Amino acid sequence: MHMERIPPARAGPAEVQPLGCAPADLPAVLDQRLLRDDPERISRQLARRGLELDLTGLQQIALQERDLEEQRSTLQAEGNRVGKEVGQRIRAGASPNGPEVQELREQGNRLKQQVAGLEEEEKALEVRLREQLLALPNLPSEQTPDGASEADNVERKRWGEPRRPAPGETLQEHWQIAERLALVETERSVRIAQSRFVTLQGAGARLERALISFMLDRHAKRGYTELLPPILVNTASLTGSGQLPKFAEESFRCAEDDLWLTPTAEVPITSFHRDEVIPSDQLPLRYAAYTPCFRREAGSYGRDTRGLIRLHQFNKVELYWFTRPEESEAAHEQLTRDAEAILEALELPYRRLELCSGDLGFSAARTYDLEVWLAGAGAYREISSCSTCGDFQARRANIRLKAEKGTRLVHTLNGSGLAVGRTMAALLENGQQADGSVQLPAALVPYVGSDRLQPTA
RNA sequence: GGAGAGGUGGCCGAGUGGUCGAAGGCGCAGCACUGGAAAUGCUGUAUAGGGGCAACUCUAUCGAGGGUUCGAAUCCCUCCCUCUCCGCCA
């Protein structure tokens with residue numbers, strides 16, 4: 001799911017403290033060499049996202065940091081030489097407290113002080129640089145069409161025949177159907193948690209579970225390795241995949257621990273291989289993971305308040321690839337096809353949009369959104385977002401592959417395969433019958449045990 | 001929650017102040033031997049950053065951060081993590 005545009009620093013009722021985290025060991029976000037050599041190129045690319053930034057200030061910091069590093073390491077080399085010489089002289093018989101050794105010691109101390117001063121400056125620059133770089137989104141891919149907003153997204157394909165109401169027929173929205181069939185309990189869920197939480201019950205709960213199994217089985221058959229990762233993740237994990245530091249207000253955080261509730265399985269899966277060097281012949285790695293997902297949905301008050309479309313907690317099956325850089329483009333097509341295959345198996349009409357540069361999520365370089373047809377609403381709604389992040393997440397999470405010479409950053413890709421709640425909504429709206437029942441696609445029968453949801457009357 | 005042990009290279013594992021980026025082994029790669037292979041032998045095999053067309057070279061890194069010292073994997077302090085036992089739990 002791509003990031004919703006969030007009004008900056010708008011605090012929700014349960015306000016999350018600003019994090020103020022930028023540990024010094026966090027990785028760089030953009031290639032620092034590119035920043036030093038050609039900041040214009042970065043600016044041009046970010047401008048395609050609608051970010052007008054002058055990076056010459058950052059470039060200056062980066063250049064300055066490099067100069068300091070040069071000076072510092074020269075002094076350190078000198079200090080190392082002095083240190084060695086002391087040892088050699090003493091071993092050669094010089095008195096440890098004699099004048100010549102004493103002289104070297106003082107020289108060593110002088111160098112040490114100089115190094116300490118430079119180091120301090122260098123570190124300060126580095127922290128500033130990283131803080132700012134971590135807040136910059138990924139650069140759009142060359143293939144990504146230019147555009148300012150949602151309105152400029154490009155439709156790439158349609159599949160299936162959208163169901164329209166027959167003459168005299170009124171199609172209901174999924175929340176109406178869910179209520180009638182007693183699939184979802186909304187009001188009591190507010191008692192348990194708060195609004196935007198639901199309890200599925202009876203056939204609703206069963207259908208949700210069936211969909212999860214169905215999706216995972218399909219993906220497993222296509223070669224995905226199933227993962228069931230932790231859904232509480234630490235700050236480094238959220239930073240690695242790009243949710244932090246910018247989108248802290250979108251995630252739920254555990255107050256007593258360095259742990260957050262995952263907004264998507266993309267987060268734990270990215271960190272599944274964080275700080276690893278993956279042997280090239282193991283790539284691509286393909287994972288499918290079911291997880292609940294948690295989002296604060298700050299700034300979307302009043303939108304989609306009914307039903308299963310926008311919840312603080314929802315279920316999702318996520319697809320995730322780690323690939324060699326040269327394979328990621330083909331992988332993106334394949335991953336998207338794998339998500340589409342679920343929609344097709346469920347006989348749900350959909351269309352594929354390619355997001356324009358202005359509508360890309362923070363970590364994405366290129367994104368296809370899949371939108372499913374909701375017959376009751378009479379509209380296409382996002383049900384999957386399939387992105388390639390290039391090396392953006394790999395750089396933040398330090399995930400590389402063993403190359404001929406040295407290592408290279410891998411490419412990461414992710415996509416929902418699919419958002420389960422929205423899938424249920426689509427099934428209800430598209431399968432609704434005049435008699436009040438809901439016809440289910442044949443593919444689900446082995447999982448649900450029936451081809452129809454009946455009103456309990 | 002209580003008590004203890006430990007964090008060293010892709011992995012195992014040595015190393016308690018001075019050419020230690022780190023012995024040895026495993027793994028991997030190349031070469032030799034072979035009809036081919038196994039076994040064997042030899043050689044090579046960390047990462048990041050800076051400089052150089054390159055050969056190469058400098059710096060940093062032995063969980064993290066600080067300290068002592070001319071010099072720290074080794075000594076001191078703080079923190080994090082992992083493991084074992086007990087308790088509690090699913």
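All heavy atoms count here, side chains included; hydrogens, waters and symmetry mates do not. What you see is a predicted model, and the numbers here were worked out from it, not measured in a lab. Letters go in sequence order (proteins before strands), and every chain restarts at 1.
By the 30° and 60° cut-offs, the orientation of the rings of H312(A) relative to F197(A) is tilted.
Rounding to whole angstrom units, CD of residue E119(A) and C1' of G49(B) are separated by 14 Å. Summarising the geometry, the separation between CD on E70(A) and P on A60(B) is reported as 15 Å, rounded to the nearest angstrom. Nucleotide C58(B) holds its P atom 20 Å from the CZ atom of R66(A), rounded to whole Å. Counting to the nearest Å, the C1' atom of G18(B) and the CD1 atom of I90(A) are 8 Å from each other.
Pairing for U68(B) is absent, judged as Watson-Crick or G-U wobble with the two contacts each under 3.5 Å. Remark: A23(B) base-pairs with no nucleotide in the shown strands. Criterion, Watson-Crick or G-U wobble with two distances under 3.5 Å. Nucleotide G30(B) forms a Watson-Crick or G-U wobble pair with C42(B), both donor-acceptor distances falling under 3.5 Å. Pairing partner, G9(B): none, since no Watson-Crick or wobble contact has both distances short of 3.5 Å. Across all strands shown, nothing is found opposite A90(B) as a Watson-Crick or G-U wobble partner with both distances under 3.5 Å. Base-pair partner of U74(B): not found among the strands shown (Watson-Crick or G-U wobble, both distances under 3.5 Å). Across all strands shown, A3(B) pairs with U84(B); the Watson-Crick or G-U wobble distances both stay below 3.5 Å. Across all strands shown, C62(B) forms no Watson-Crick or G-U wobble pair with both distances under 3.5 Å.
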Using atom types as modelled, flag every donor-acceptor pair under 3.5 Å from a side chain in residues 103-113 of chain A to any protein atom, sequence neighbours excluded.
unit_1	atom_1	unit_2	atom_2	d
R105(A)	NH2	P96(A)	O	3.4

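R36(A) comes within 4.0 angstrom of sugar-phosphate atoms only, judged by non-hydrogen atoms across all strands, and of no base.
Taking atom P in both A64(B) and C81(B), one finds a spacing of 15 Å when rounded to whole Å.
Between U59(B) and T74(A), no contact under 4.0 Å exists linking OP1 or OP2 to a side-chain N or O. A close approach under 4.0 Å does not occur between any side-chain nitrogen or oxygen of K402(A) and OP1 or OP2 of C28(B). Within the structure, every side-chain polar atom (N or O) of N234(A) is placed at least 4.0 Å from both OP1 and OP2 of C80(B).
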| message | One character per nucleotide, please: for nucleotides 62-69 of chain B, 5' to 3', B when the base has a protein heavy atom closer than 4.0 Å, S when only the sugar-phosphate does, - otherwise. | response | ----S--B

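Listed by first then second residue, pairs satisfying side chain to side chain donor-acceptor pair (under 3.5 Å) with a partner in residues 205-215 of chain A read E208(A)-N315(A), not counting sequence neighbours.
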